[in-house]
Amino acid sequence: MKDTAVASIPFEPGSLAPTGIIPLSVPELRGNEWKYVRECLDSNWVSSAGPFVDRFERMVADYVGTKHAVATVNGTAALHTALLVAGVKPDDEVLVPALTFIAPANAVCYAGAWPVFIDAEAAYWQMDPQKLTDFLERECLWKDGQLRNKTTGRRVKAILPVHILGHPCDMDPIVDLARKFNLVVIEDATESLGARYKERMVGHLGDIACFSFNGNKVITTGGGGMIVTDNEAWADKARYLTTQAKDDPVEYVHNEIGYNYRLTNIQAAMGCAQMEQLAESVATKRYIAARYEEALRDGRGLRFLEEASWAFSTCWLFTVLIDQAECRSDSRNLMERLSEQSIQARPLWQPLHRSPAHADSQAYRVEVADMLNREALSLPCSVGLITGDQDRVIKAVRDWLTE
Ligand SMILES: Cc1ncc(COP(=O)(O)O)c(C=O)c1O
């Protein structure tokens, strides 16, 4: 495998692309963003309270179907807070997929707990319910009314499935396992607002869920996050913890360690405008994915993330798998070739059991995540991707396949 540093175009997904470059995924601000942000500035409601924060929370809760929503400064803060309110304590363990962006594993560590990495399944690349079952049944035991990891002796407290790339996890077996083993389910839905599992909204499938409105997501507030849940006590606690755990705001009494995790009214104003466009943005993402599939389906050695029969995917990041043997070259080589043509592409994340940052955490039979990391490459799929640019990407991939 080649050095990827030279191949990747050096700007973050979600940030503005230099002229002439086709970026991976950038924001599309074509609605009421200006109007609502201007309202904040005109009214002086610019900080972490205000009518747009309330409106944004209501919009997301209503959309997902949960009773409550609490806006946060980003998705990572939402995850950290969700773990705390769900009762994850220092030295507990939380089952996290090996193939995901690192934020959920980091959030587990912020709570003083340990991630245990579970493999992805090969069909839809999400947390593997079978390996999760095997881990819970074979590697854990009940001791004094608590589920403990046989290897580490630690209490297993929660499952944190991540709906990666806009596609939902197979949630029924995950929730069944959680009920059987008395575990909390914290959905990391940060990449998948708008996706559905068996006609139910992602974010309303477990006990509590988190979204991100980071710049590369389907909708963005620049940076932002949201916790959603039906549990009123947890929502109240989340609101309390994210506002510095203020017990008496006049006398500055704080009974707990809190966090400055609230979203500003300006960001929420953008969020409201973006929510108004969510359905259209998801439809566009799906259209872009369908167009790629149509144009590349006959490409030898290419595979796509298919949509499960029970899934409605937002197709957040259109990603292909490149079979090295059949293509006689690998995903990083294609990335390099695209980069030479000013097209930004990205591999999926280093599997977390290989991350030096999480070297001390346990991984359970992780294999598929390694294969996906080797073979996967995400292609440009911003909501604003114009047909001509997509055709340029398609041609570049097809040319590479026939080189
Ligand atoms: C799976 C996953 N979890 C959590 C996050 C964290 O969200 P944020 O960047 O808003 O902190 C992201 C991405 O940004 C993500 O992709």
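Order of listing sets the numbers, starting from 1, for every ligand and every atom in it.
Between P347 and L377, the shortest heavy-atom contact is N-CD1, 3.8 Å.
Residue T100 places no N or O, backbone or side chain, under 3.5 Å from any N or O of ligand 1. Any N or O atom pair closer than 3.5 Å counts here, and W316 shares no such pair with ligand 1.
Ion pairing of D62 with R58 is present here, as a side-chain N (NZ or NE/NH1/NH2) and a carboxylate O approach within less than 4.0 Å. A salt bridge is absent between K150 and E139; no separation between the charged side-chain nitrogens and carboxylate oxygens falls under 4.0 Å. Between E57 and R262, at least one side-chain nitrogen of the basic residue sits less than 4.0 Å from a carboxylate oxygen of the acidic one, meeting the salt-bridge criterion.
Residue contact check: F101 has heavy atoms under 4.0 Å from atoms 5 (C), 12 (C), 13 (C), 15 (C), 16 (O) of ligand 1. Which parts of ligand 1 touch T76 is read off a 4.0 Å heavy-atom cut-off, strictly below it: atoms 6 (C), 7 (O), 8 (P), 11 (O). For ligand 1, the atoms sitting less than 4.0 Å from at least one non-hydrogen atom of G75 are 7 (O), 8 (P), 10 (O), 11 (O), numbered in the order shown with element in parentheses. Numbered from 1 in the order shown, with element, the atoms of ligand 1 that lie under 4.0 Å from a heavy atom of P104 read 3 (N).
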- Query: E256 and Y240: side-chain contact (heavy atoms from CB on, under 4.5 Å), yes or no, with the steps?
  - Reply: CA-CA 9 Å; E256 287 188 43; Y240 171 74; 3.9 Å; yes
- Could you walk me through whether M275 and L193 pass the side-chain contact (heavy atoms from CB on, under 4.5 Å) test, one step at a time? CA-CA 10 Å; M275 277 301 286; L193 178 65; 4.0 Å; yes
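For the pair N216 and ligand 1, no heavy-atom separation below 4.0 Å is found.
Aromatic pair F117/H353: ring centres not closer than 6.0 Å.
In the candidate list S212, G224, A103, G215, S212 is nearest to atom 7 (O) of ligand 1, counting heavy atoms.
By the criterion of a heavy-atom distance under 4.0 Å, the side chain of L79, and not its backbone, is placed next to ligand 1.
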